[in-house]
Amino acid sequence: MYSEQLESIIDAALADGVLTDKEREVLHKRAMQEGIDPDELDVVIDGRLAKMKKEEDWLRPTPPRPLTSNKVGTVLKCPNCGADYQQGTVKCPECGHEFTNRSAISSATKMTEDIQKIREKFRNESDREDAIVDYILNFPIPSTRDDFIEFIPTMAARMHGDLSDKLHGAYRAKLKEARNKAKIFFPNDSQLKEIIKKSNVSWWSSMSPSSRLMIGILIFIILDLLLLYFLTGGE
């Protein structure tokens with residue numbers, strides 16, 4: 001519908017299911033550069049947001065019941081609009097207010113905790129891996145600067161573990177998403193630029209484990225053939 005660049009920015013902005021004023025401003029600016037009416041873009045964006053809200057992820061917690069106090073267990077109230085939200089939420093699901101207090105745990109921590117719950121839930125190894133991969137691929141990208149600072153290095157580090165091709169690919173895709181969104185919404189942040197630069201993985205690490213194994217085998221075969229060639233005098 002729109003240019004590839006504008007579509008990628010829209011996808012990054014809507015990845016967490018909430019559109020902040022800053023994200024909308026960035027989209028409007030890009031739309032005007034491409035000669036697109038911002039009001040028309042708003043209609044499309046709001047339509048996509050409405051569709052996303054209907055497609056709730058199976059891991060999303062049940063909406064909390066109305067509260068009479070500011071905090072009951074792990075359910076809190078947004079200081080900006082008063083809406084209820086679960087502890088661990090980065091942004092208010094109603095108004096998009098970003099929580100900077102300690103009750104909003106980092107995205108990296110939440111991902112770790114949720115993956116552990118999935119591991120405990122599934123006994124079958126194949127089902128467990130598929131559920132974890134699906135969770136990682138659909139995990140909402142952070143929207144706050146502090147969250148990006150922790151999330152990006154965490155995704156890069158997890159690519160170096162002993163992973164299957166599926167898990168390696170999921171973490172690689174999520175790292176790419178996070179890096180792209182951070183570049184768009186914090187283009188002039190020197191600390192984030194340095195973190196993004198350091199999170200660049202080598203061509204070897206970016207490959208799936210099976211691809212690395214295949215290359216290793218090919219190199220071994222080539223070296224073995226070269227050794228045999230020299231030992232036999234090239235005959």
Side-chain angles (χ1 to χ4, degrees), residues 4-5 7-18 23 48-49 51-61 86 88-91 93 104-186 192 195-216:
E4 183 176 347
Q5 290 182 326
E7 284 289 352
S8 66
I9 297 176
I10 292 174
D11 290 341
L14 301 185
D16 56 1
V18 177
E23 290 170 340
R48 293 187 187 183
L49 279 172
K51 183 178 179 181
M52 290 173 64
K53 287 182 179 180
K54 293 180 181 179
E55 301 173 349
E56 294 189 359
D57 184 80
W58 67 276
L59 279 174
R60 184 173 300 172
Q86 290 284 340
T89 303
V90 176
K91 294 198 305 184
I105 62 175
S106 72
S107 294
T109 300
K110 175 173 173 52
M111 177 182 283
T112 300
E113 293 177 350
D114 286 349
I115 288 178
Q116 182 57 37
K117 292 177 183 178
I118 295 175
R119 293 185 185 280
E120 296 170 356
K121 180 178 180 179
F122 291 90
R123 293 185 178 181
N124 182 277
E125 185 175 350
S126 178
D127 292 341
R128 183 191 304 126
E129 181 179 73
D130 288 343
I132 292 175
V133 168
D134 183 64
Y135 173 78
I136 295 172
L137 292 175
N138 290 285
F139 188 83
I141 300 297
S143 296
T144 64
R145 176 181 178 277
D146 291 342
D147 216 0
F148 273 122
I149 289 175
E150 180 180 359
F151 189 79
I152 291 175
T154 300
M155 293 301 99
R158 290 184 181 180
M159 288 178 60
H160 295 283
D162 184 15
L163 305 174
S164 67
D165 286 357
K166 289 183 179 180
L167 283 172
H168 184 274
Y171 281 124
R172 181 177 59 201
K174 191 55 56 176
L175 172 62
K176 182 179 180 180
E177 281 186 64
R179 284 160 48 92
N180 288 341
K181 187 172 182 180
K183 289 177 182 178
I184 292 172
F185 293 108
F186 300 95
L192 264 177
I195 288 174
I196 291 173
K197 180 179 178 181
K198 290 182 179 179
S199 69
N200 284 325
V201 293
S202 65
W203 67 272
W204 179 258
S205 298
S206 65
M207 298 175 66
S208 65
S210 61
S211 296
R212 292 198 297 265
L213 177 61
M214 184 175 297
I215 290 177

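As a basis for the values below, the full set of heavy atoms in this structure was taken, side chains included, without hydrogen atoms, waters or symmetry mates.
- Side-chain contact check for Arg145 versus Ile149: some heavy-atom pair is nearer than 4.5 Å.
- Using a 4.0 Å cut-off between charged nitrogen and carboxylate oxygen, Glu150 and Lys110 do not count as a salt-bridge pair.
- Of all heavy-atom pairs between Ile136 and Ala170, the closest is CG2-O, 3.7 Å.
- Residues Phe185 and Ser143 are not in side-chain contact: their nearest non-hydrogen atoms beyond the backbone lie 4.5 Å or more apart.
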* Show your working on side chain to side chain contact (heavy atoms under 4.5 Å, CB included) between Arg48 and Ile10 and close with a plain yes or no. => CA-CA 10 Å; Arg48 293 187 187 183; Ile10 292 174; 3.4 Å; yes
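- Looking at Asn200, its side chain does come within 3.5 Å of a backbone N or O of Lys197 through a donor-acceptor pair.
- Nearest heavy-atom pair across Lys174 and Leu137 is NZ-O, 3.1 Å.
- Formation of a donor-acceptor pair under 3.5 Å by the Asp134 side chain with backbone atoms of Asp130 is not found in this model.
- Residue Glu4 places its CD atom among 12 or fewer non-hydrogen atoms of other residues, nucleotides or ligands, all under 6.0 Å distant.
- Closest non-hydrogen pair, Ala108 versus Phe151, comes out as N-CD1, 3.8 Å.
- Considering all non-hydrogen atoms of both residues, Ala131 and Ile118 come closest at CB-CG2, 3.7 Å.
- A donor-acceptor pair is defined here as one N or O able to donate and one able to accept, closer than 3.5 Å; no such pair exists between the side chain of Asp127 and the backbone of Phe122.
- The closest side-chain heavy-atom distance from Leu14 to Glu23 is not below 4.5 Å.
- Classification of the Phe186-Phe148 ring pair by plane angle, with boundaries at 30° and 60°, yields perpendicular.
- Between Glu125 and Arg128 there is no salt bridge, since no side-chain nitrogen of the basic residue lies less than 4.0 Å from a carboxylate oxygen of the acidic one.
- Nearest heavy-atom pair, Ser199 versus Leu175, reported as atom, atom and distance to 0.1 Å: O-CD2, 4.0 Å.
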